[in-house]
Every structure is written in structure tokens, then in C-alpha cells.
Undergrad: 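I have a structure I would like to understand better, so I am pasting it below and will then ask my questions one at a time.
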Amino acid sequence: MNTILELREKRAKAWDAAKAFLESKRGGDGLLSPEDAATYEKMENDVIALGKEIERLERQAVIDLELSRATSTPITNTPSKQGEEKTGRASAEYTKAFWNAMRTRAGEGLDPNVKNALQIGTDSEGGYLVPDEYERTLVEALEEENIFRRIANVITTASGDRKIPVVATKGTASWVDEEGTIPESDDSFTQVSIGAYKLATLIKVSEELLNDSVFDLEAYISREFARRIGNKEEEAFFTGDGSGKPTGILATTGGAQVGVTTTAGAAAITMDEVLDLFYSLKAPYRNRAVFVMNDSTVKAIRKLKDGQGMYLWQPSVQAGTPDTILNRPVYTSAYMPAIAASAKTIVFGDFGYYWVADRQGRVFKRLNELYAVTGQVGFVATQRVDGKLILPEAIKVLQQHA
């Protein structure tokens, strides 16, 4: 943790030095010489590199914390009393049987007790619902890979579509004369339906690797599924069109509202336009709003200043706290468009109004015969998930000029 704090302080000092250099080297026309521009670019790249190193160390700290958790139950004052026994898919028996089944070919003969335990979560097509303990590990890994799950509202659904009631219009009060009739003014309601789209991936593992007792099958599959599913999820949550996948924030229909269209040009963003975007969002939503954009867009607006000569972008010096623009957190995603004509480059709003709905239970299957001739075993994971912006006015986007 001390290393992270030191790097954050170092990054803040490097950014201050870069800003000071930029101010001292600007000519009367406001431009830099080619040599000074190259020097500034190097200083800025150093700031970016320090930021990415901080992110890596923070991810390592999360993983170290998870791995350092106790693996056994400590002795209590009443050693004769056992803790509450887990049942169903959360039971130790089921978890052990599940991974034994994943490592064992069909027909090689499982212990009868294992067969009985597997009946708890067997499905009609041969797949097994992932044990409760492992499913939680997978979700935690998704949160590390996917920034959207950290800022959105994540819910779990059991079956069917989830109907979410939304207030479409609100009633108002009126001034009434003495003994006058009070006018009616009712609220109107609508519903937003969230379903479940199927997301799947397949991993092939050699039989030699599976049979190696040193190989940590659970950890490997967790990391790999998290990377694949997390990346595909985040892409859909931003750019999905609702056809076979979730409806993304940037979707033309069902996505966020356009708050500002740039006028400076297709490849430029000004300070005034960022301020216009900020205030295009209603004040109640701004209290919890965040900025999300591409790394290249962050780089472009780092040079923008407000009327007092202060830079919009401010680096964070506190561990676990994101950088800020106009005192609101800034997150970056590779799935946000870079600056280009008509591109929606900056999103600003309260992402708590974007709902991610996980269908309860992920399905995990082992494929024994399909890759037998190559000495491999396949593992298939499927997840059913949907995402939708429940209240479009809660998030605004900045769109580049055509």
C-alpha cells in the first residue's frame, strides 16, 4: 500500500512538473516548439505510465487479500459445537464432487457418494450449475475486469423478464383561489423490461495439464472466464444495440441522451463544451455522477483549463480514489469511442440508473469427446445477462460534430 501511495504522489508531482513546463515553454502565439512539444509528450506519457502501474498494483492488492483469507475455521470457545452446515450447491460435498467431475472422464467410474452429491445441481443436458462458493469467486473477478459493474446497479433475477416500474411523468401543485377547485394532477407510470441474453465462451485444456496436481484449475478458469466475459459484457454495456445483447449507454434507441454536440470541430473538445455537458445533467443526478471516456480522450482534455487557469483533470493522490474532472470521478474504458466525427466521446451521469441483470446460476460444462483426438478437454461457460438504462435523463453524452 505504501508503494501505491508513493507512486500516486510521484504521479501528482510529475503532472505538476508537466503543467509548469507547458506554461513556461509556450510562445507568444500559445504554441510549443517541436522540441518542447516532444519533451512535454514524454512527461505526459510518464504520468500515464505511472497511472497504469498504480492500477496494476491495486489489482494485485485485491488478489493478495483474497488469497490471504483463512482456509480453515478457527477454534472457538465451544469446540464441540460445529458451525452451520452449508447445504445444496454451497455444500463442501457438492463443490468437491463438482471439481472431481470436471477432472474425470465420463465412464471412468465415480464414487457413489459423488454421484449422489452431483444430483443436487444436475441439469437435463449434462451441465452443472457452478457451486455457490466458486460462483462468487467468478463474480468478484468480473468486477475486477469490468468497470461497468463497479458503477452500475447490479441485480439478480431468477427467471423470466424483470419488470421495473418507472415514473414517466410527475404531478404538480397549483395555486388555487379561495373555494376554487383543486385541479387533478396524477403521476403516470410505465415499465421497463429486463430479460437475459446468452454470453458463452469455451476453454480447451490439455489432459496432461488437467492431471497435474500442481495446476490450479479453479483459479485458471476463473481468471480466463473473467477476462473473456468481462470484456464482452463491458463492450455491450457501452455499445450494444439491444439485438441479441444488452442495450448500451451509447445506443441510439434506449441509450443516454445527447447533452452537448461539439461546435469546435470533429476532432476537438473545448472547456466550454465540457462545462455544458456537466450542466446539461440535472443537479440531483450530478451528486453521484461520474465521467467515462477513452484513454485518448482523457489525454486530449488534460490540457484544458477553466477560467482561473486551473486544469480540468486532477490526478488522485489517495489509494482507491479515481482521478477527477470538475471534482467528479473519471473512469476510462477501451470501449468508449475515441475522438472522431459524430462519435459519442464522453459520458457523464449517474450510472446507478443503468441496471445490469444477472440471471441466477451460471452453467459450466465439460466436453470430453469433442477434442479427444488431440488430447484436450473442453470447458464451456455460459451466462445470461441483460443491461438497460432505466432513466435516460440520468446520463448525458457529448457527441462530436459531424
Undergrad: So which atom in G259 and which in S280 form the shortest heavy-atom distance, rounded to 0.1 Å?
TA: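 Scanning both residues completely, I find the closest heavy atoms to be CA-OG, 3.7 Å.
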
Undergrad: For Y40 and F21, I'd like to know if the aromatic rings sit close, meaning centre-to-centre distance below 6.0 Å.
TA: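 When the ring centroids of Y40 and F21 are compared, they turn out to be at least 6.0 Å apart.
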
Undergrad: Are L275 and L326 side-chain neighbours, meaning at least one heavy-atom pair lies under 4.5 Å?
TA: yes

Undergrad: Counting only N and O atoms by type, is there a donor-acceptor contact under 3.5 Å from the side chain of N153 to the main-chain atoms of Y353?
TA: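 Not at all, since once roles are kept as given, no pair shorter than 3.5 Å links the two residues.
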
Undergrad: Salt bridge or not between E55 and K52? Use side-chain N to carboxylate O under 4.0 Å.
TA: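 Salt bridge between E55 and K52, a charged N being under 4.0 Å from a carboxylate O: no.
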
Undergrad: Pairing donors with acceptors under 3.5 angstrom, does anything connect the side chains of S33 and D36?
TA: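 There is such a pair between these side chains.
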
Undergrad: Please check: side-chain N/O of S296 versus main-chain N/O of A338, any donor-acceptor pairing under 3.5 Å?
TA: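 No.
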
Undergrad: Within the supplied structure, the quantity of interest is the number of heavy atoms (other residues, nucleotides, ligands) at a distance under 6.0 Å from R228 CZ; does it exceed 12?
TA: yes

Undergrad: Can you tell me how far CD of E53 sits from CG of L7, rounded to the nearest 0.5 angstrom?
TA: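 Here the interatomic distance stands at 6.5 Å.
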
Undergrad: Checking side-chain polar atoms at under 3.5 Å, does S342 have a donor or acceptor matched by the opposite partner on Q400?
TA: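 No pair is found: no donor N or O on one side chain lies under 3.5 Å from an acceptor on the other.
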
Undergrad: Is the shortest distance from a Lys or Arg side-chain nitrogen in E233 or R149 to a carboxylate oxygen in the other one below 4.0 Å?
TA: yes

Undergrad: Given V274 and I269, is the side-chain contact (heavy atoms from CB on, under 4.5 Å) satisfied, shown in steps?
TA: CA-CA 7 Å; V274 176; I269 298 175; 3.8 Å; yes

Undergrad: Given side-chain contact (heavy atoms from CB on, under 4.5 Å), test R286 with F278 step by step and report yes or no.
TA: CA-CA 8 Å; R286 293 201 299 266; F278 184 87; 3.6 Å; yes

Undergrad: For residues R8 and I54, determine if any side-chain heavy atom of one lies less than 4.5 Å from a side-chain heavy atom of the other.
TA: yes

Undergrad: Between E393 and Y285, is any side-chain donor less than 3.5 angstrom from a side-chain acceptor?
TA: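 Note: E393 and Y285 side chains meet the donor-acceptor criterion.
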
Undergrad: Looking at every heavy atom in both G240 and K245, which two are closest together, and how far apart are they?
TA: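 G240 and K245 have their closest heavy atoms at CA-CD, 3.7 Å.
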
Undergrad: Run through D46, L50, V47 and flag the one making a side-chain contact (heavy atoms from CB on, under 4.5 Å) with W15.
TA: V47

Undergrad: Within the 4.5 Å heavy-atom criterion, are V292 and I151 side-chain neighbours or not?
TA: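 V292 vs I151: side chains touch.
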
Undergrad: Check whether any side-chain heavy atom of N368 sits under 4.5 Å from a side-chain heavy atom of V377, and report yes or no.
TA: yes

Undergrad: Once rounded to the nearest 0.5 Å, what's the spacing between atom CG of L22 and atom OG1 of T39?
TA: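 These two atoms lie 11.5 Å from each other.
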
Undergrad: Could you tell me if the side chain of L281 sits less than 4.5 Å from the side chain of F348, heavy atoms only?
TA: yes

Undergrad: Hey, could you give me the CD/CZ distance between E9 and R11, rounded to the nearest 0.5 Å?
TA: 12.0 Å

Undergrad: What distance do F351 atom CZ and R288 atom CZ have between them, rounded to the nearest 0.5 Å?
TA: 12.0 Å

Undergrad: Quick check on N287: does its CG atom have over 12 non-hydrogen neighbours (other residues, nucleotides or ligands) under 6.0 Å away?
TA: yes

Undergrad: For K19, does the NZ atom sit with more than 12 other heavy atoms under 6.0 Å from it, leaving out its own atoms?
TA: yes

Undergrad: Given V380 and L367, is the side-chain contact (heavy atoms from CB on, under 4.5 Å) satisfied, shown in steps?
TA: CA-CA 8 Å; V380 175; L367 308 178; 3.6 Å; yes

Undergrad: Taking all heavy atoms of V385 and all of V356, pick out the closest pair and write down the distance.
TA: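 Looking at all heavy atoms of both residues, the closest pair is CG2-CG1, 3.9 Å.
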
Undergrad: I need the I194 CD1 to W355 CH2 distance, nearest 0.5 Å.
TA: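 Going from CD1 on I194 over to CH2 on W355, the span is 7.0 Å.
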
Undergrad: Identify the two heavy atoms, one from A340 and one from T345, that lie closest to each other, and give their separation to 0.1 Å.
TA: N-CG2, 4.5 Å

Undergrad: If I compare all heavy atoms of T247 with all of T253, which pair ends up nearest, and what's the gap?
TA: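 Reported closest heavy-atom pair: CG2-O, 3.7 Å.
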
Undergrad: Indicate the atoms forming the closest heavy-atom contact of L250 with P337, along with that distance.
TA: CD1-CD, 3.5 Å

Undergrad: Let's go through F148 and Y331 carefully: what are the C-alpha distance in whole Å and the side-chain angles of both, what is the deciding distance for ring-ring contact (aromatic ring centres under 6.0 Å, His included) to 0.1 Å, and is it a yes or a no?
TA: CA-CA 9 Å; F148 218 104; Y331 294 93; over 10 Å; no

Undergrad: Determine, step by step, whether S243 and D241 satisfy the side-chain hydrogen bond (donor to acceptor under 3.5 Å, both in side chains) criterion, reporting the C-alpha distance in whole Å, the side-chain angles of both residues, the deciding distance to 0.1 Å, and the verdict.
TA: CA-CA 6 Å; S243 178; D241 58 6; 4.6 Å; no

Undergrad: Could you tell me if the side chain of Y197 sits less than 4.5 Å from the side chain of P246, heavy atoms only?
TA: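 Counting from C-beta outward, P246 and Y197 do come under 4.5 Å.
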
Undergrad: For the residue pair E234 / S333, report whether a side-chain donor-acceptor contact shorter than 3.5 Å exists.
TA: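 Judged by distance alone, the side chains do pair up.
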
Undergrad: Using a 6.0 Å cut-off, check whether atom NZ of K344 has over 12 heavy atoms from anything other than its own residue.
TA: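 For K344, atom NZ is crowded (more than 12 foreign heavy atoms under 6.0 Å).
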
Undergrad: Do L199 and T382 pass the side-chain contact (heavy atoms from CB on, under 4.5 Å) test, and can you show the C-alpha distance, the side-chain angles, and the key distance before you say yes or no?
TA: CA-CA 6 Å; L199 183 60; T382 58; over 6 Å; no

Undergrad: Is R227 close to K232 at the side-chain level, that is, under 4.5 Å between some pair of heavy atoms?
TA: no

Undergrad: Between the side chains of D272 and T270, does any donor sit under 3.5 Å from an acceptor?
TA: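 No - no donor-acceptor pair under 3.5 Å links their side chains.
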
Undergrad: Distance from I325 atom CD1 to D323 atom CG, nearest 0.5 Å?
TA: 8.5 Å

Undergrad: Short question: side chain of T297, backbone of M293 - any donor-acceptor pair under 3.5 Å?
TA: no

Undergrad: Within a strict 4.5 Å, meaning less than it, do heavy atoms of the Y354 and I390 side chains meet?
TA: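 No, their side chains stay 4.5 Å or more apart.
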
